[in-house]
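Remember, predicted model here, so these are calculated numbers, not experimental data. Naming: A, B, ... by sequence-line order, numbering from 1 per chain.
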Amino acid sequence: MSFIEIKNIVKEYQSGGEKVKAVNNISLEIQQGDFVSVMGQSGSGKSTLLAMLGGLSHPTSGSVVTDDIDLFTLSSESLANFRREYLGFVFQSYQLIPYLTVLENTLLPLVPGGYSKKEQRDKAFSILDKLHLIGKTKRLTDELSGGEQQRVAIARALVNDPLIILADEPTGNLDSMISEEIMRIFTDLNNDGKTIIVVTHNEEMERFANRRIYLKDGKMEEVYNGCS
Amino acid sequence: MKMHDISFLSLRRRKAKTFFLVVGLVIATALVVTLIIVSKSISVSIAKNMDEFGANILVFPQSEELSLNYGGMNISGVSVGGKELRNEDAALIRTIKNKDNISIVSPKLVNVANVEGKNVLIVGINFNDEFRLKKWWKLDGSKPIQRNEIVIGADIKKQLNSGLKKDLKVRDKNYSVSAVLEPTGSQDDNVIFMDLAEAQVLFNKRNDLSLIEISALCYSCPIEEIVKQTSSKLPNAKVTAIRQTIESKMDAMHRFEHFSFGISLVILIISGLIVFANVSASVNDRTREIGIFRAVGFKQTHIIKIILLEVFVASVSAGLIGYVCGLLSSEIIIPIISMSKETAMQNDFNLLLLSTALSITVGFISSIYPAFRASRLDPTIALRSL
């Protein structure tokens, strides 16, 4: 049994009175510890697939089963619990809360978890230390550079110690040097046993993944297994 | 960090948005507080003026005899022995439980005397009380100061061919006319008014009274209660409320109160809509943030809690500020509307609770739908990047 099993997943949107299939009947199995890159042009359905993997968006048909949990049979509340326990999200535009500091943004996923203040701080500081952000914990996020903001987003994704990291164009707004640094962080996390799924259209970045998936018009065209 | 910390941090660090949210609620609350205080103050002021405008309670001696008539009111015969009203009775009225509601007590002695060959009604009064009671009286001349000075009605002037500064002989004693009443259209036109103590001496009825007229402030106290209390103080007297006067005053007051209530309601609805638009816009502005919360594992109920707690804190602050603003603006507006600096501002502590409750209610109603809608947003749409 695979860690993540995607079966015949379809996502349709209404566009100008017509139904458009953003994801068209994709089936895929991902093992624990995989580093998967999802490639494809804009509008190919990469982000939609990632959103369904994260339980953020419901498919029109098909299923996603993660660690034997059929995501779309869960209630909205249980799905929130699942996201908190299993997933860490990293987005292209960082998606940090502007009125919260680096520390507060980082420990955000711990807030609904019932952790004490000390536990929250210990976990957040430990991650921020690894990501070299320890001197900037009290800063508001818009005072940071793009690379630093993305590292805060990664810290937030990791603070709950999730099994899976879903990253949507995590280097899209960063220069090549910072992009390399971010991808190395993902590689380190993968080496620590995390399952990483990264959506990117940057071919430079796909070399970090051990599995590559190519999407075109919502369909999966090719799958490569093994490091390049 | 706890869930409520997010609400407080949002309010504290998004100062401009918090400011506009609070200001919207403050305006709504302050408007309503101002309207309530102003309308209540003006109501009380009008009620007080109306209450002082003529008597609304009459006190007669208990009597089986036929009555004299004065001003359309029946007055018991004056010779009924021990049942007559006394000067002390007028003083006793001021000792009832609701004595603060007693504005004017005007004791009277009514008698008939032959003046210049004609039978004329002579009424002994305390001029100061009577002038307060009958604000519609207009004098040609001056208010009597000496005990031998009298005021005559307009018809008396004609019938007795009398006038200002002229003397009239009553029971062999000369009285100087200090003022002539302008026509009132009432029986006052056919009456000679003189000092009460002088009348009691003149008619040999020392300490006796024919009736007592009372002006009670009945706006905040049921008139029946004052009548009951007065009756228990004066067991030998018949105490009657003048229904027609009271009903017409109360009717006028109720109309004014309904009018004020209507205006308050309209302003409340308009303010509520403005606040609704403001709060809705504020929540709608936060869809991306809500998407982030959802993505990192916040439940829908968490999102609603965060938003509603923010609105609650803003509403409570706005309620308190709105109350203070309402008080200040009332203080400015009341003298302008009432055209009198003497109109007292009617304020009580309950209004503070009311303004806070109102602010919370408006804030809650305005935000509950946007908060629910926001919590149910598809996180991918909220984030827009996925």
Tyr115(A) versus chain B, the contacting section by heavy-atom distance below 4.5 Å: backbone
Choice from Lys46(A), His58(A), Arg83(A) maximising heavy atom contacts with chain B below 4.5 Å: Arg83(A)
Tell me if the CZ atom of Phe372(B) is crowded by more than 12 foreign heavy atoms within 6.0 Å. no
Could you check which of Leu110(A), Leu108(A), Leu107(A) has the highest count of heavy-atom pairs closer than 4.5 Å to chain B? Leu108(A)
Phe3(A) CZ: over 12 foreign heavy atoms closer than 6.0 Å: yes
Engaged part of Leu140(A) at the chain B interface, taking heavy atoms whose separation is under 4.5 Å: side chain
Report which part of Gln120(A) has an atom under 4.5 Å of a heavy atom belonging to chain B: side chain, backbone, both, or neither. side chain
Pairwise distance CZ(Arg151(A)) to NZ(Lys136(A)) - rounded to 0.5 angstrom: 7.0 Å
For Asp122(A), is there an ion pair with Lys117(A) - N to carboxylate O distance below 4.0 angstrom? no
Short side-chain to backbone donor-acceptor contact, Asn8(A) and Gly62(A), under 3.5 Å: no
Donor-acceptor pair, side chain of Asn105(A) and main chain of Thr101(A), under 3.5 angstrom: yes
What option among His302(B), Arg376(B), Arg12(B) has the most heavy-atom pairs under 4.5 Å with chain A? His302(B)
Below 4.5 Å from any heavy atom of chain B, which atoms of Arg156(A) appear? Answer side chain, backbone, both or neither. side chain
